[in-house]
Engineer: 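This is the structure, below, for whatever I ask next.
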2 protein chains.
Amino acid sequence: MSERGPRERMVFSAAQLIRRDGVASTGMREVAAHAEAPRGSLQHYFPGGKEQLVNEAVGWAGRYAGNRVARFLAALPEPTPGGLFAEMVRQWTDEYERVGFGGGCPVAAATVDCAESTASTREAAAAAFAAWTGPVARALADMGVPEERTADLATLMISTLEGALLIARAEQDVRALTTAARELAPLLDAAARTR
Amino acid sequence: MSERGPRERMVFSAAQLIRRDGVASTGMREVAAHAEAPRGSLQHYFPGGKEQLVNEAVGWAGRYAGNRVARFLAALPEPTPGGLFAEMVRQWTDEYERVGFGGGCPVAAATVDCAESTASTREAAAAAFAAWTGPVARALADMGVPEERTADLATLMISTLEGALLIARAEQDVRALTTAARELAPLLDAAARTR
DNA sequence: CGGCTACTATGACCGCTGTCATAGCGAATG
DNA sequence: CATTCGCTATGACAGCGGTCATAGTAGCCG
């Protein structure tokens with residue numbers, strides 16, 4: 001992981017802590033400490049306060065997820081919608097089996113904690129989902145899914161993944177994730193064959 | 001809604017506030033006020049503190065969701081898996097269109113906020129998901145879904161619903177929910193015809 | 001050198017949180 | 001009546017939260 005400036009490190013750390021403990025339980029001082037950044041830099045880089053930091057963390061997470069899609073496609077010998085979804089799921093099962101169920105999706109955490117209280121964060125979360133859905137939908141189109149269904153199927157994939165993530169974390173068991181991948185794959189692949 | 005005792009009202013209010021603002025942002029005093037219950041009753045009925053109250057709220061939500069399944073089935077002229085799922089989704093779209101996107105699923109909120117920090121709450125969330133998945137799976141069995149697939153499909157349904165809920169709330173648009181219902185129905189109904 | 005800009009350092013403030021301690025009420029019970 | 005028990009009432013406490021104010025440093029520019 002490259003050695004970025006303190007500002008980026010704080011955003012990254014914020015995302016990491018938020019996905020662990022939620023937005024409300026994550027303190028600013030904690031973020032600075034985790035990023036090994038000086039506390040005084042907080043008000044310098046984020047004059048908008050916690051709200052700004054959280055929003056940037058959410059945005060970062062959305063962009064990160066969107067960028068991963070290309071990598072998943074590259075990793076597949078022959079790209080199929082079901083294969084892409086399996087790869088998206090596998091990223092999480094891998095993490096959970098490797099380091100435990102400590103973290104969920106930071107965008108989900110922000111939505112749960114701030115959707116009603118903080119309008120800007122809710123919008124940041126919506127934007128993050130969009131930044132994630134977009135590349136997935138484009139990938140589906142490249143695999144032969146009819147244009148009018150790509151957006152809907154991408155939303156379905158991410159919905160299912162997010163929900164399975166929640167259940168897996170509650171149960172501390174990847175079962176829900178693997179089930180989602182297995183059950184959804186046929187539906188996704190069928191949509192690609194209708195061209 | 002029936003006029004219960006103060007204890008039940010507090011549990012109910014806790015669930016309601018949690019699904020709005022998350023666990024961490026929901027104060028005990030706030031719960032008592034919302035339930036119009038005396039503050040002194042908190043430590044009387046919930047000697048285990050906030051943790052106990054939250055866990056009971058989560059348990060209540062799980063039982064509530066499980067009980068709704070029977071009602072949904074009764075409301076369907078001819079029960080089908082896709083129809084059941086549509087009904088589950090409709091409960092949420094109805095609420096969102098009627099009173100706005102103020103609340104999500106309290107179990108999801110508890111999972112996001114407490115999965116890592118509070119073991120007992122994580123277990124309560126897992127139990128709540130189980131109390132929800134169980135009736136759904138049984139309903140699927142009654143509709144002719146092979147026994148070995150009922151649990152998996154029930155998990156898939158709830159995963160997708162939970163995820164779509166998150167996205168809908170972030171976007172303040174029921175689109176993700178209606179999409180989930182529309183796209184998943186064929187897959188679910190196909191499973192019922194394989195007996 | 002003087003000054004300006006970017007960044008860091010700290011301490012204080014105020015509000016809120018969960019929890020505890022203590023005392024009070026009111027009715028049923030013996 | 002006296003006791004007990006279920007429930008309520010309040011105030012205090014200790015801790016932590018985000019934020020602000022203020023001052024300091026380091027380095028570049030002119």
Side-chain angles (χ1 to χ4, degrees), chain A residues 3-58 106 109-110 112-114 116-122 124, chain B residues 3-58 106 109-110 112-114 116-122 124:
Chain A
E3 195 62 38
R4 300 267 179 233
R7 213 200 115 103
E8 285 192 32
R9 286 208 314 272
M10 285 194 272
V11 173
F12 178 78
S13 288
Q16 212 162 338
L17 293 173
I18 286 170
R19 86 197 195 93
R20 228 183 156 74
D21 304 319
V23 172
S25 305
T26 296
M28 306 252 92
R29 292 166 171 83
E30 192 185 357
V31 171
H34 183 276
E36 293 179 292
R39 179 161 88 80
S41 301
L42 277 171
Q43 72 177 289
H44 182 73
Y45 290 117
F46 308 96
K50 186 176 189 176
E51 189 173 332
Q52 181 186 356
L53 176 57
V54 170
N55 294 356
E56 294 203 21
V58 168
V112 161
D113 271 6
C114 308
E116 184 62 8
S117 60
T118 317
S120 71
T121 302
R122 203 214 68 235
Chain B
E3 196 60 39
R4 301 268 178 233
R7 212 200 115 102
E8 285 193 34
R9 286 208 314 274
M10 284 194 275
V11 173
F12 177 79
S13 288
Q16 212 160 338
L17 293 173
I18 287 170
R19 88 197 195 92
R20 231 183 153 74
D21 304 318
V23 172
S25 305
T26 297
M28 307 251 92
R29 292 165 171 84
E30 192 186 357
V31 170
H34 183 274
E36 292 180 291
R39 178 160 89 81
S41 301
L42 277 172
Q43 72 178 288
H44 182 73
Y45 289 117
F46 307 97
K50 186 177 189 177
E51 189 174 332
Q52 180 186 356
L53 176 58
V54 170
N55 293 356
E56 294 202 22
V58 168
V112 161
D113 272 6
C114 307
E116 185 62 8
S117 60
T118 318
S120 72
T121 302
R122 203 214 68 234

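Labels below follow one simple rule: chain letters A, B, ... track the order of the sequence lines, proteins then strands, and each chain is numbered from 1. The analysis underlying the following values was restricted to heavy atoms, covering all of them including side chains, and did not include hydrogens, waters or symmetry mates.
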Engineer: I need the full list of salt bridge (charged side-chain N to carboxylate O under 4.0 Å, His left out) pairs touching residues 24-52 of chain A, with sequence neighbours left out, sorted by first then second residue.
Structural biologist: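 Not a single pair qualifies under salt bridge (charged side-chain N to carboxylate O under 4.0 Å, His left out).
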Engineer: Does A:Phe12 reach the side chain of A:Arg4, with side-chain heavy atoms less than 4.5 Å apart?
Structural biologist: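 No. Closest side-chain heavy atoms not under 4.5 Å.
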Engineer: Who are the side-chain contact (heavy atoms from CB on, under 4.5 Å) partners of B:Glu116, not counting sequence neighbours?
Structural biologist: A:Arg20, A:Asp21, A:Arg169
Engineer: Taking all non-hydrogen atoms of both residues, which atom of A:Ala37 and which atom of A:Met10 are closest, and how far apart?
Structural biologist: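 The pair with the smallest heavy-atom distance is CB-CG, 3.8 Å.
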Engineer: Let's see if you get this right: which residues in residues 13-27 of chain A place a heavy atom under 4.0 Å from DNA chain C?
Structural biologist: none
Engineer: If I take atom OG1 from residue A:Thr26 and atom CD from residue A:Gln16, how far apart are they, to the nearest 0.5 angstrom?
Structural biologist: 11.0 Å
Engineer: Would you tabulate the pairs of protein nitrogen or oxygen atoms and nucleotide nitrogen or oxygen atoms of nucleotides 19-23 of chain C closer than 3.5 angstrom?
Structural biologist:
from   : atom 1 : to      : atom 2 : distance (Å)
C:dT19 : OP2    : B:Lys50 : N      : 3.0
C:dT19 : O4     : B:Arg29 : NH2    : 3.1
C:dA21 : N6     : B:Gln43 : NE2    : 2.7

Engineer: In whole Å, I'd like the distance from the CD atom of A:Glu30 to the P atom of D:dT19.
Structural biologist: 15 Å
Engineer: Quick test: give all pairs of protein nitrogen or oxygen and nucleotides 23-28 of chain D nitrogen or oxygen below 3.5 Å, distance rounded to 0.1 Å.
Structural biologist:
none

Engineer: Can you find a heavy atom in the side chain of A:Phe46 that is under 4.5 Å from one in the side chain of A:Met28?
Structural biologist: no
Engineer: Closest heavy-atom contact between B:Arg7 and B:Tyr45?
Structural biologist: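 That closest heavy-atom pairing would be NH1-O, 3.0 Å.
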Engineer: I need the minimum non-hydrogen distance between A:Leu42 and A:Leu53, along with the two atoms involved.
Structural biologist: CD2-CD2, 4.4 Å
Engineer: For the residue pair B:Cys114 and B:Thr121, what are the closest heavy atoms and their distance?
Structural biologist: CB-CG2, 3.7 Å
Engineer: Give me the atom names and distance for the closest heavy-atom approach of B:Val58 to B:Ala110.
Structural biologist: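 Between these two residues, the closest heavy atoms are CG2-CB, 3.5 Å.
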Engineer: Can you tell me how far CD of A:Gln52 sits from CD of A:Gln43, rounded to the nearest 0.5 angstrom?
Structural biologist: 12.0 Å
Engineer: Which atoms of nucleotides 3-7 of chain C (N or O only) lie under 3.5 Å from a protein N or O atom, and what are those distances?
Structural biologist:
from  : atom 1 : to      : atom 2 : distance (Å)
C:dC7 : OP2    : A:His44 : NE2    : 3.0

Engineer: Spell out, as yes or no, whether a donor-acceptor pair under 3.5 Å connects the side chain of B:Asp113 to the backbone of B:Ala24.
Structural biologist: yes
